[in-house]
Amino acid sequence: MRKTPVEADVELIDAYKHVFKEHGKDGQVDRVLADLAEFSGYYDVPSEELGLTALNYARDAGRREVFARILFLLGVTSGYREALRAVAMLQHEALND
């Protein structure tokens, strides 16, 4: 029997939650999510003054979109997003010093 679109979506969301072990319950999961947030530039949208090419802008936008999808499918709270932002910013600073 074929799944309905809703059933397929629920199955996909459950798979993401399983892979990421219900975020927040495992420090390694939080660390991986923080790394992905920092790598994707999710919280760091560049300004126009940086002179990015259209290709760089498109790549960066794509990275942010992929990470946004992960957070969406995990159903993270706004509080978790803000905590993740703080960790990602600290990681960004550490990598760029």
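Only heavy atoms go into these numbers, but all of them, side chains included; no hydrogens, no water, no symmetry mates.
With values rounded to the nearest 0.5 angstrom, Glu65 atom CD is found 13.0 Å from Asp60 atom CG. For the atom pair CE (Met89) and OH (Tyr43), the distance works out to 8.0 Å, reported to the nearest 0.5 Å. Annotation: the span from Ile13 atom CD1 to Leu74 atom CG amounts to 9.5 Å, rounded to 0.5 Å. To the nearest 0.5 Å, the span separating OH on Tyr57 from CG on Leu52 amounts to 9.5 Å. Rounding to the nearest 0.5 Å gives a distance of 9.0 Å between OH of Tyr42 and CG of Leu84.
Residues that satisfy the salt bridge (charged side-chain N to carboxylate O under 4.0 Å, His left out) test with Glu82, not counting sequence neighbours, are absent from this structure. By the side chain to side chain contact (heavy atoms under 4.5 Å, CB included) test, Ser78 pairs with no residue at all, sequence neighbours left out. When the side chain to side chain contact (heavy atoms under 4.5 Å, CB included) test is applied to Glu7, the partners found at least two apart in sequence or on another chain are Lys3, Thr4. Residues passing the side-chain hydrogen bond (donor to acceptor under 3.5 Å, both in side chains) test with Glu93, sequence neighbours excluded: none. Here Asp35 pairs with Gln91 under the side-chain hydrogen bond (donor to acceptor under 3.5 Å, both in side chains) rule; sequence neighbours left out. Taking Arg85 as the reference, nothing meets the side-chain hydrogen bond (donor to acceptor under 3.5 Å, both in side chains) condition, with sequence neighbours excluded.
Considering every non-hydrogen atom in both Ala88 and Ala34, the closest pair reads CB-O, 3.8 Å.
A single hydrophobic cluster is seen to contain both Leu71 and Val32, as judged by linkage of ILVMFWY side chains at heavy-atom distances under 4.5 Å, directly or through other members. With hydrophobic clusters built from ILVMFWY side chains whose heavy atoms lie under 4.5 angstrom apart, Phe72 shares a cluster with Phe67. Put simply, Leu12 and Val76 are part of the same group of oily side chains (I, L, V, M, F, W, Y) that touch within less than 4.5 Å, one to the next. A continuous path of ILVMFWY side-chain contacts below 4.5 Å connects Val19 to Tyr80, so both sit in one hydrophobic cluster.
Contact of the Leu33 side chain with the Ile70 side chain is registered, since non-hydrogen atoms from C-beta on lie closer than 4.5 Å.
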Report the C-alpha distance between Val87 and Asp30 in whole Å, list the side-chain angles of each, state the deciding distance to 0.1 Å, and finish with yes or no for side-chain contact (heavy atoms from CB on, under 4.5 Å). CA-CA 9 Å; Val87 173; Asp30 292 338; over 6 Å; no
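Heavy-atom neighbours of Arg31 CZ from other residues, nucleotides or ligands within 6.0 Å: at or below the threshold of 12.
Of the N and O atoms on the side chains of Tyr16 and Arg69, not one donor lies less than 3.5 Å from an acceptor on the other residue.
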